[in-house]
Each structure stands twice: as C-alpha cells, then as structure tokens.
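Working notes for the structure below.
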Protein chains: 4
Amino acid sequence: MASTSTTALSSSRRAAELSSENRFDQQLARILEHATDVFCEKGYEGASMRDLSRASGMSLAGMYHYFRSKEELLFLIQKHTFGTIIEQLRHRLEKISDPEQRIRAFIFNHLEYFLANQSAMKVLSHEDEKLSNHYGAAVRSVKREYYAICVNLLEQYKRTEKLDFSTRTAVLSLFGMMNWIYTWYNPRQDGNARKLAQEMGDIFLRGIGSSRSSGKKNSRVQ
Amino acid sequence: MASTSTTALSSSRRAAELSSENRFDQQLARILEHATDVFCEKGYEGASMRDLSRASGMSLAGMYHYFRSKEELLFLIQKHTFGTIIEQLRHRLEKISDPEQRIRAFIFNHLEYFLANQSAMKVLSHEDEKLSNHYGAAVRSVKREYYAICVNLLEQYKRTEKLDFSTRTAVLSLFGMMNWIYTWYNPRQDGNARKLAQEMGDIFLRGIGSSRSSGKKNSRVQ
Amino acid sequence: MASTSTTALSSSRRAAELSSENRFDQQLARILEHATDVFCEKGYEGASMRDLSRASGMSLAGMYHYFRSKEELLFLIQKHTFGTIIEQLRHRLEKISDPEQRIRAFIFNHLEYFLANQSAMKVLSHEDEKLSNHYGAAVRSVKREYYAICVNLLEQYKRTEKLDFSTRTAVLSLFGMMNWIYTWYNPRQDGNARKLAQEMGDIFLRGIGSSRSSGKKNSRVQ
Amino acid sequence: MASTSTTALSSSRRAAELSSENRFDQQLARILEHATDVFCEKGYEGASMRDLSRASGMSLAGMYHYFRSKEELLFLIQKHTFGTIIEQLRHRLEKISDPEQRIRAFIFNHLEYFLANQSAMKVLSHEDEKLSNHYGAAVRSVKREYYAICVNLLEQYKRTEKLDFSTRTAVLSLFGMMNWIYTWYNPRQDGNARKLAQEMGDIFLRGIGSSRSSGKKNSRVQ
DNA sequence: AATGAATGAGGGTTCATTCAT
DNA sequence: CATGAATGAACCCTCATTCAT
C-alpha cells in the first residue's frame, strides 16, 4: 500500500548534483510517503509518532529535524498532495478545449491520482479539519482553488450546452462520487482509472442533462 | 448540534411503568446521543472518555455501567443508527411499488436521516473500520444489508426500464454523492432534504439512463 | 530535610470527622510537602514529575488528580507557604505594640518559619518568577502584601524614633539578610531562630540608626 | 540585558597578533556572555543547549568545540566571573589601608560588579550547587577565598574598633543584603552602585557597632 | 573550526480502564 | 447505580550529546 507519488518538494531541484538541500528534501519526501501510508491505515489521531518513525526507519527524535510537529507533517502531506494533483490537472487542461472533454479530463485526473495514491487521497479526504487555524487556512485555500477549477469547468459546460442545474449540488455530488471511492475500490471488480472515469463521467454528465453524452461510448481522455 | 434521534434500544419498552431496565435504556440512549456528537466533532480516536463523560454529565467511571469499552460505545452507536435508518426505510418502501419512486424514496430516506442526524451519520461514515473484528463483523453485516437493499432497487429499475449500466458503480456513486454531504452541507444554500433528494435523484436517475426522469420536476417522495 | 509545616489547606476542616474533602486535602498536603523537598533539592526545572511522584509514593498519573500541572503544584506550594507565614505573623503582631518589638517579631517570625521549613522557604526564594502570568499574579500579590507589612512596621518605627533612612533599601536589605540564610545556615554554628533573630535584629536595628537599640541585649520576642 | 564584562580568559592574550588561540578565546568569551544572559533568564536547567546556541549565533554542534558539556559551560562562567570580581577587588584594596574604607571598598566593588553584570551575578547566586563534585569543588574553593577576604576585613575592623559581634553572622548578613539585590534592583528607584554601597555600608557598619560611621555622609570609595 | 543529521533517554501530560466505597 | 481515586501504558515532544563530513 505504499504511496508511489514522485515528489517535487523543492523547486531548486533542477540540477542533477546531490546538493545538501536535495538530500534533505529527498529524506523528507521519503518520510512523507511512509507517513501518508500510516495515516491512511490508522488515521491521523490513531497514528503515533512512534508508528511514523518506525515506518520510515528513522528515530523518533530524528523526525523532528524534518518538521516541527505531527500537525505540520500532516500539513506537508496535504499541501504536497494537493499541489501535485492541481499541477497535473492544469497540465492536462492546457491541451483540451472541448467543454465536455475538459470535465472528463478533470474526473480522470482525479481518479487516476486517487487510485495511484490511495493513501494520500484517503488522508486528504479523511483528515480534513484536523489542522489548526494556522495550517488549516493554507490547506483550505488550496482546496478552494481546486474546487473553483471544477466549478468553472461546469459553468462553461452549462453555457455551451444551455443546461439548467444547480452547479453547487452538481460539483459537490461529483466530488462525493469520486472521493467515496476509497471506501470500496477493488481493482479486480472496478477496473482502472480510465474505466471508472468513463463510467462516472457517463453517469454524471448525462445526469446533469447533456443529451449528447448519453451513449457516446468512445469518448476519450488524454 | 445535538442528535435528535428517538432511540428504540430495548424491545421491552412497551409498558409504561418505569422499570429499572427502562431507566437503564433511557440513560444509555442519552449517553449515546452525547457521545455521537463528540465523536462527530473530534473523531473516535480524538475523543477521550473524559470528553464523553463530560458531555453526558456522567462520571467517568459511571459510563462503564452502560458499555464495556470505548469501542463498544462506538459499536452501539453504529448499530443503533443503522438499525434506525433501515427500519425507517423498510417502513417507507412498504407503501411504494413504482421502481423509480422506490429509488427516490431510498435517496430521500437517506438524506433526511443524514441531515436530521448529521453527527450520527458523520460518525457512521468516518469511523468506518475502527471496530475490531468482533464488533466490526456485526456492523459490516448491517451495512451489507443496507447496501443490498439499494442494489435490489436498482436491479429492479434496470429490468423495468431495460437499462444498461454497472449496478455496482452506480450504487457506490450514489452512496458517494449522499455520504459526502457532511463535508459541505449548509442549510441556507442547500435547502432541506426534500430539495436535495430531488436534485440528487434527478442527477442520478438521469445519469443511469432513464429517459423519463429528465424534466420530471414534479415527482414526489412520500 | 522533610518539611514539617502543618497545613491548613481547607477552611472547612473544623469538624473532626474525616470527610472526603478532608481526605483529599490531607493527601494534597502530603504531596505538597514531599514536592517541596524535591523542589528544594533539585530546583523547579530540575525536578521531574517522576521525581515528585516517587517522593510522594503516588503514581505519576495519580498526581494529576490533585493539581492540573507541575506549575500549579509550585503555585500551591508558594501560596500555602506564604499564607501560613503571614497568618502566623498577624497572630503575633496582634499582641505587640512597641514599634521596635514589632520589627523584632517580624524578623523572628520569618527566621523561625524559615528554619523550621527550610525546603519551603528555599523554594519560595528561589523559584520566584517561574510562574506564568496566571499563577504568577496571585503569588506576587501575596508577596506584595507581606512586603507591605514590613514597610509599615519600618515606617512606624521611623516616625516614633524620628529616624532618617531609605525605607526601601532598608526593607530590601533586611529581606536579603534573612532570605540568604538557606545558603549557609548550619544549626551547630549558627544556633536557633531566636539567637539568629536577636543578632540580625541587632545589626539591622542599630544599622538603621536607633541609638537606643545598641547594647540592648535582653530584648525578647514573644 | 547583555553582560558587558570584558573577559580575560587566557593569559596569553598579551600580544596583539590574532593568534588562533586568541581567536578561540574571543569566541569562547562571546559564547560565555550570551550563555550568561540565557542562564540568567531561564535558569541553568531551564536553558537548553539550543537556547544557548541560538543566543550566541553558533550551531549547536559548534558549541562543543569550546566546552565539553553544558555543565562545564556553567563552570567556566562561574570561575571567570568570580575570578574577575576578586581580581578587581584585590586591585582596589591595594590602595586602601583604613579598615572601614576597606570594608566600604569591598561593598562597593561587589555592588558595582553586580549591577554592571547582573546576569552573571544572578547566575552566580542562583546556580549555586548545580555543579557536580568535580567542577563544584573548584568553584567552592574560589568562593571560600572570596568569603575569607571579607572575613579578614571584618576581623581587622573589629580589632581596630574594639567591637564585639559574631563575625560569621555579620559577613553572611552582608552577603545576603548584597546578593539579594537581583530580586529587586530598579535603577530608577535605587540609584547607582555608589549610592547603594553608601546606604548599605551605612546600615551594615553602624549595625555592627561602629559609632563613628553614623552620620558620616562624605565617606568615599575608590 | 564548524555544522547538519541523528539518537537514546527522558520531559510533562493524557489515555482507557479498574476498584473500593 | 454511581463515583473519586488511582494506575500502567502511551502520548507528543525536547533534551544533551555525538559523529561524519
């Protein structure tokens, strides 16, 4: 169940040389990955710093060279995960202009990342409001950004297709469909991200009233 | 944010006399309600027995007359909540035969209970797998029962309407839409259960391919 | 080096019956005495809660039934000690009207308590400003009260004897003489409180300019 | 609140060239000054090596090039401070022969250093017995030397003036008066070292029985 | 000489639970 | 039935110190 995300914690990682800053970031990334898995399994409160240190093979005290507190650790995970998923999304949307395909790209991007980094996403979904104001505000801000992107995609689609539905309910229902996955996903029964994105996209897009989208079995993402 | 569920914990409550058993159940129900709120606010691991005793106005030690452990307390809450929601659902379904209306009744029943007992439902959604095998099995069994009801409703609908979609993905998407509510529900923006059930029902039913349901604005539940 | 102070923590201790409140206070008093000794030996920061629990024969966790934090423990010690010394002082001063004798009574009272409760007084002197604002304010208030009593005694004496000296410097020098004792006191070399009070009283009173007091070898306190 | 003492840690500082040994001593002196302030504010136990390193702007590990342990650091401070104060005292006493003036010089020297180096002196007074036997013996030896000087001055005075008092009590009372200052000194209310030395000298000298000293307002030190 | 990284031991505090009353 | 008192285990975190670089 190990997270497989490749992290890009420091923007100064361009050069190939193993600068000391680099080594620090790599270690931190390693710790973050392990911690993500443990948080996923036991929850934030249920995971002890001893669990986390054991998982990353570092001494309890040593962990504190990389973050100031358990809370900051959760914060770093959330910020990093959200940052990555948004970055990937923007990259994908650049190449697509068709409103429906843009929504399908959003769904696929979300599900692909979700399934590839289940631990991270479960932590993201679950350990939502456990961050105190200081850290919480930063994360909430990134979340709002992500939410706003989805809203814009839907509004654009609504105008193009001349549809009428509550954008808010629609967006939040979509997030619900996607984020609930960690509860039930089973690779054998449920297939990969592409298949799930297709199915959920069908349900959602037809659901919000597109007449065109029904039956369009060969629509593709990326 | 107090739960308002009326509990039916013991079947021996028929008689009007305040038997000692009766008083016991009433006290337990009171504790369960308060504990539900605390679990909702702080999570299962984050809530201490002291928090729970403070919330219910009973001494720490006194709590242990009503349950054997913190884990059993969570179990009782989950069992009771699920029991109540299924009981209500069966009662409603008895009177409805139209397949679509039965699905809409399911959605409305879920959302109505969800919004009336937000704390309980958040605990139900969140503290999912924290129960050890002994208690966990019992709860999982009830959950499967509830899930199966929904699957049956969909299968029936599918046959009637001669539709083609993945029942599993559909059911789980529907649960996702509904269970994610605790994340964002705001009574002022999002209206009451009836309105939300209508909107989500529309999205979902049209989404799975009903041609009839689209535009049917006056379909009613109960 | 055990403190021997008899504590009067609760004013409701009138009755002889061992009420539950009484037992709580007695236990607390016992803990306070032991803690006083440990603070005296190792200092406030140097003494660990584990040291304190060991000294009082109670489990680490059990201590927290009697105070909320280590800091509050120090606070309770200081408040109690100061309260007792002031109470004794007032009792003594009631019976004395001669200004010089009142000052001598002050000195004797301080030294007697100091020598009988060296641990407590060393803690009082040493762990002065370690209390955060909340607790610190309460203790500082009692200290000011004690200081004010001494100032008044000196002012009265000054008027009676028509002397001229800086009351502030005098009072603070007197406290210095007395409070420094814990650094050097040795019962064999330095005698008991009565003798020390006599000597220090002589030095101090003659020092602030009384012509009468010099040579008055037979002045007595209480 | 920075200490302003100019340190003379190594006798090899004669030459003007910046020998490496010289640089070492200068760095050590800098560290000692900062550490003194931190010990003063937080106490020996309360000050962490991280606090000390932060205060001196040097890395945590770097500190250990200058002393073997936190304890040795305290030792170096105490030894240095005491060494300096005794050195200054001897220098002053060389030029004075009148017994009373010698005592007044002692008081002034002590207070002047105290007020100029409050941090150092508070540490000296407070962190008294925290040194283990190895280091403690060395410091105690210097303290005894300082104490002995004061005893000699008093004995000489006693013989000259043909007085009768307990030298021990007198010396220790004097130290008490002087060392207690850090508790209350306020430059605005209490004036400078000269004024305080005058006042305390008056109280003390008259207190131990000198008939001459009373009213002698123009006695000077240095 | 200087530092970042790392650690075992221990810091104060809270945990779920038990038991005599 | 109810509670105050008590506890061992575990909590997060910081300590003084070491060592490779």
Side-chain angles (χ1 to χ4, degrees), chain A residues 19-21 23-24 27-28 31 44-53 56-73, chain B residues 20-21 23-24 27-28 44-53 56-73, chain C residues 19-21 23-24 27-28 31 44-53 56-73, chain D residues 20-21 23-24 27-28 44-53 56-73:
Chain A
S19 69
S20 75
E21 189 183 341
R23 250 178 256 124
F24 180 93
Q27 275 276 41
L28 176 51
I31 294 174
Y44 173 70
E45 315 264 10
S48 75
M49 283 298 299
R50 275 158 186 88
D51 292 333
L52 300 171
S53 86
S56 61
M58 176 172 286
S59 76
L60 180 55
M63 308 277 282
Y64 285 86
H65 273 277
Y66 294 93
F67 42 85
R68 267 189 273 277
S69 65
K70 189 184 169 188
E71 196 186 7
E72 186 177 284
L73 175 57
Chain B
S20 74
E21 193 180 340
R23 250 182 256 119
F24 182 93
Q27 275 278 41
L28 176 51
Y44 173 70
E45 314 266 8
S48 74
M49 283 297 298
R50 264 171 183 80
D51 292 333
L52 300 172
S53 88
S56 61
M58 176 173 286
S59 77
L60 188 52
M63 310 274 285
Y64 285 86
H65 284 274
Y66 295 92
F67 43 85
R68 264 188 276 277
S69 67
K70 190 184 168 189
E71 195 186 8
E72 185 177 282
L73 175 57
Chain C
S19 69
S20 74
E21 189 183 342
R23 248 178 256 121
F24 181 93
Q27 275 276 42
L28 176 51
I31 293 173
Y44 174 69
E45 314 264 10
S48 75
M49 282 299 299
R50 278 157 183 87
D51 292 334
L52 299 171
S53 89
S56 60
M58 176 172 285
S59 77
L60 182 52
M63 307 277 283
Y64 285 85
H65 272 277
Y66 293 93
F67 42 85
R68 269 189 272 276
S69 66
K70 190 184 170 190
E71 195 186 8
E72 184 176 286
L73 175 57
Chain D
S20 76
E21 192 182 342
R23 252 182 255 118
F24 182 92
Q27 276 276 41
L28 176 51
Y44 173 70
E45 314 265 9
S48 73
M49 283 298 297
R50 263 170 184 82
D51 292 333
L52 300 171
S53 89
S56 62
M58 175 172 286
S59 78
L60 188 52
M63 310 275 284
Y64 284 85
H65 284 275
Y66 294 93
F67 43 86
R68 265 188 276 277
S69 67
K70 190 184 168 190
E71 196 185 9
E72 185 177 281
L73 175 57

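Sequence lines set the chain letters: A, B, ... in the order given, protein chains first and strands last, and positions in each chain run from 1.
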Discussion item. Taking Ser48(B)'s backbone N and O only, do any of them form a donor-acceptor pair with Lys70(B)'s side chain (distance below 3.5 Å, no angle check)?
Written reply: no
Discussion item. Minimum heavy-atom separation for Asp51(D) and Gly46(D), please, with both atom names.
Written reply: OD2-O, 3.9 Å
Discussion item. OP1 or OP2 of dG10(E) versus the side-chain N and O atoms of Ser48(C): is any pair under 4.0 Å?
Written reply: no
Discussion item. Measure OH/Tyr44(D) against C1'/dC15(F) and give the value in whole Å, please.
Written reply: 12 Å
Fill in: Residues in contact with DNA chain E, drawn from residues 62-72 of chain B - heavy-atom cutoff 4.0 Å
Tyr64(B), Ser69(B), Lys70(B)
Fill in: Proximal nucleotide (of dT17(E), dT14(E), dA16(F)) relative to the Leu60(B) side chain
dT17(E)
Worksheet item: With side chains defined as the heavy atoms from C-beta onward, is the minimum distance between Tyr44(B) and Glu71(B) less than 4.5 Å?
Response: yes
Worksheet, complete the sentence: Comparing Arg50(B) with Met58(B), nearest DNA chain F nucleotide closer to 5' gives the residue Met58(B)
Worksheet item: Using purine N1 to pyrimidine N3 plus N6-O4 or O6-N4 for Watson-Crick, or N1-O2 and O6-N3 for G-U wobble, each under 3.5 Å, what pairs with dA2(F)?
Response: dT21(E)
Worksheet item: In whole angstroms, how far is the P atom of dC13(F) from the CG atom of Leu52(A)?
Response: 10 Å
Worksheet, complete the sentence: Rounded to whole Å, the CE-P distance (Met49(C) to dG10(E)) equals 17 Å
Worksheet entry | NE2-OG distance between His65(C) and Ser59(C), expressed to the nearest 0.5 angstrom | 8.0 Å
Practice prompt. Indicate, with a heavy-atom threshold strictly under 4.0 Å, whether Ser59(C) touches base, sugar-phosphate, or nothing.
Written response: base
Worksheet entry | Nearest-angstrom distance from the residue atom CG of Leu28(B) to P of dA2(F) | 12 Å
Discussion item. Taking 4.0 Å as the cut-off, does a side-chain nitrogen or oxygen of Gln27(C) come that near to OP1 or OP2 on dG4(F)?
Written reply: no
Practice prompt. Show your reasoning for whether side-chain contact (heavy atoms from CB on, under 4.5 Å) applies to Gln27(B) and Met58(B).
Written response: CA-CA 10 Å; Gln27(B) 275 278 41; Met58(B) 176 173 286; 3.9 Å; yes
Worksheet item: How long is the gap from CG on Leu28(C) to CZ on Phe67(C), to the nearest 0.5 Å?
Response: 8.0 Å
Item to complete: Ignoring hydrogens and angles, tell me if any N or O in the side chain of Tyr66(D) forms a donor-acceptor pair with the backbone of Leu73(D) under 3.5 Å.
Response: no
Item to complete: Would you kindly compare Gly57(B) and Ala47(A) by the position of their nearest DNA chain F nucleotide and give the one closer to the 5′ end?
Response: Gly57(B)
